Amino acid sequence: MRHIRWVATALLLMGSVVLAGENGKVKAPGGRAGKFIETSQESGLARIIDEKYLKDPKWWLSGLYLIDLDGDGILDFVTGAHGGGDPIAALGDGAGHFHLAPEFTGTEVHLAYDVNEDGKLDLQMTHGDGGGKWWINESSAGRLRFRDSGIVAGQARQNAMIDLDRDGKVDWLHERPGVVWELGDGKGGFKPAGGIPTGATRNETNIHYADLRGNGRIDLIVHWGRYDNPAGQSRIFFNDGKLGFTDVTKQVGISEQDGFAIKGVGDVNQDGCPDLIVLENKKPEIYLNDGHGHFQKRPNALIGMEAARKPAYVSWGLAVVVDLDNDGIADILWSGRNFLWVLRGNGDGTFSYMNKAWGIDDYSKATVDEGLCFGDIDGDGALDLIGFVADREPARVKVCHNELPARNWMNVRVVGAPGNRAAAGAKIRISPADQPQRLLGCEQVQIISSQSAHSYYSHAQTERHFGLGDHKTVDVSVEFYPSGKKIEKKALAANHTILFEE
């Protein structure tokens, strides 16, 4: 019987629902290594991968994910498979260990999203070569079962879930090429309804979304590339609120030339506005948002990159803003072909390359489909990484347990209204209780993928992680989308998972 990390009891704390667990407290400072420690053998994943290759010697491991597959509140580990055998699913015990679930079949997961809103994460997986099909989750604790929904898109390597027409029902965006959207019915069905063209490319048109101007509308940030345009191009489209999108790339300060690839969108300087994380002529750069959707490069934002592995292409991978060391300052986790950069925020708008200092291989396989994943696999309040062993073929998985110095943290779970229960587009803000004007974290929930690279770990209830540094109490607000309903909770105790329901 699996160890249940999140107990069913809900505790009332300062008017908030707190999900408490046996492993819900951070470890004492003593005994932590001050970096990430490999636990591939201890976790059981090294053995599981080795045994898979013995069974299927030509297996192509093509994706890494942390997804709660069976709905018990614990992250499970999933691989993709681009041929040579089925993928692997390994069920987590909530203490950092995994055991094989032999009944799992499929290809590569593009998105984990509860399309029919029954409380279980459904999977949109590769169908054919480049298409996508939804599989409905009918699993129970410890037992996996996914049913073919019959919902297919002919081209869907890049995906996003967001309510574009503001009817309260999440829509599915993917490529065809260009960007197309299918309007959702709130019950797991989708109907093609429009799109926007991009540059001439066969496939792999990456889609990000965010309220770039702070007006409550979802704007689209699009990048494309691959072999036919290895330098990459990007466009920004402002939303008129009526499913009309205008290309404003040049007006907002972004290059329309080859060599500009937007790989991530997030608040890197903690001013409440989404910024751009870019490969510009394959060089990493940060473009800051002035709050009105106009962008300017932040000079010398990234420190120590001369030691980093260089991108081979710009088309693959994603950049994610997340606090890995729980110090209350945003960090960046960035993967691509064939690099994995861990960039620590310094608090002055700059980021330092930390792979060597933190014991993390600067390597992401990323040969078309592979990615990386992160999430708290043992409930200690620190985000762990699962990536690839550098330069090894056939591919091997590397589990990196986060043993950086213990700091305070908070997980925020958001549940939207029916039709958008995953709360896509919701804005989460966290501030110290005694400094309400200071932001420790600000995030607009994106649920996106770039092939097998996911934007975040996946629970059935959408969760986002924030570091708090030494702050013991914080104020948290969530503004749900598209309703604009705002819920604020004050003086919440650190080191808990807090639930917000629209």
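None of these values were measured; they are calculated from a predicted model. The figures that follow rest on heavy atoms only: side chains count, while hydrogens, waters and symmetry mates do not. All residue numbers in this chain count up from 1 along the given sequence.
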Rounded distance [0.5 Å steps], [atom1] in [X] versus [atom2] in [Y]:
X      : Y      : atom1 : atom2 : answer
Asn289 : Asp267 : CG    : CG    : 9.0 Å
Glu285 : Leu302 : CD    : CG    : 7.0 Å
Phe237 : Ile196 : CZ    : CD1   : 4.0 Å
Leu173 : Leu164 : CG    : CG    : 4.5 Å
Asp76  : Leu66  : CG    : CG    : 8.5 Å
Ile151 : Gln124 : CD1   : CD    : 10.5 Å

Tyr353 and Asp362: CA distance, side-chain angles, deciding distance, side chain to side chain donor-acceptor pair (under 3.5 Å) verdict:
CA-CA 10 Å; Tyr353 176 78; Asp362 181 351; 2.5 Å; yes
Backbone of [Y] reached by a side-chain donor or acceptor of [X] within 3.5 Å:
X      : Y      : answer
His127 : Val152 : no
Gln270 : Gly328 : yes
Lys263 : Leu276 : no
Gln461 : Leu499 : no
Asn355 : Trp341 : no
Ser149 : Trp134 : yes
Ser335 : Leu340 : no

Look at the aromatic rings of Tyr287 and Phe260 and report parallel, tilted or perpendicular, splitting at 30° and 60°.
perpendicular
Smallest separation among heavy atoms of [X] and [Y], with atom names:
X      : Y      : value
Phe146 : Leu121 : CE2-O, 3.7 Å
Cys442 : Phe466 : N-CE2, 4.2 Å
Pro311 : Leu279 : CG-CD2, 4.1 Å
Leu123 : Ala112 : CD2-CB, 3.9 Å
Leu111 : Ala160 : CD1-N, 4.4 Å
His465 : Asn326 : NE2-OD1, 2.7 Å

From the options Glu182, Gln158, Gln155, select the one residue that forms a side-chain hydrogen bond (donor to acceptor under 3.5 Å, both in side chains) with His174.
Glu182
Side-chain donor-acceptor pair present, [X], [Y], cut-off under 3.5 Å:
X      : Y      : result
Ser62  : Glu108 : yes
Ser139 : Asp70  : no
Gln444 : Asp211 : no

If you measure from the Lys or Arg side-chain nitrogens to the Asp or Glu carboxylate oxygens, is any gap between [X] and [Y] under 4.0 Å?
X      : Y      : result
Asp325 : Arg344 : yes
Glu463 : Arg413 : yes
Arg157 : Asp129 : yes

In Phe190, Tyr209, Phe245, Trp172, the residue satisfying ring-ring contact (aromatic ring centres under 6.0 Å, His included) with Trp181 is Phe245
Side-chain touch [X]/[Y], heavy atoms, less than 4.5 angstrom:
X      : Y      : result
Val322 : Asp331 : no
Leu343 : Met305 : yes
Arg235 : Glu256 : yes
Phe374 : Ile386 : no
Leu288 : Gln296 : no
Leu324 : Leu385 : yes
Ile221 : Leu212 : yes
Asn159 : Tyr113 : no

Count the heavy atoms belonging to other residues, nucleotides or ligands that lie under 6.0 Å from CD of Gln257, then report whether that count exceeds 12.
no
Lys310 atom NZ, over 12 foreign heavy atoms within 6.0 Å
yes
Measure from NZ or CZ of Arg464 to the centre of the six-membered ring of Tyr456 and say whether it is under 6.0 Å with the direction within 45° of the ring axis.
yes
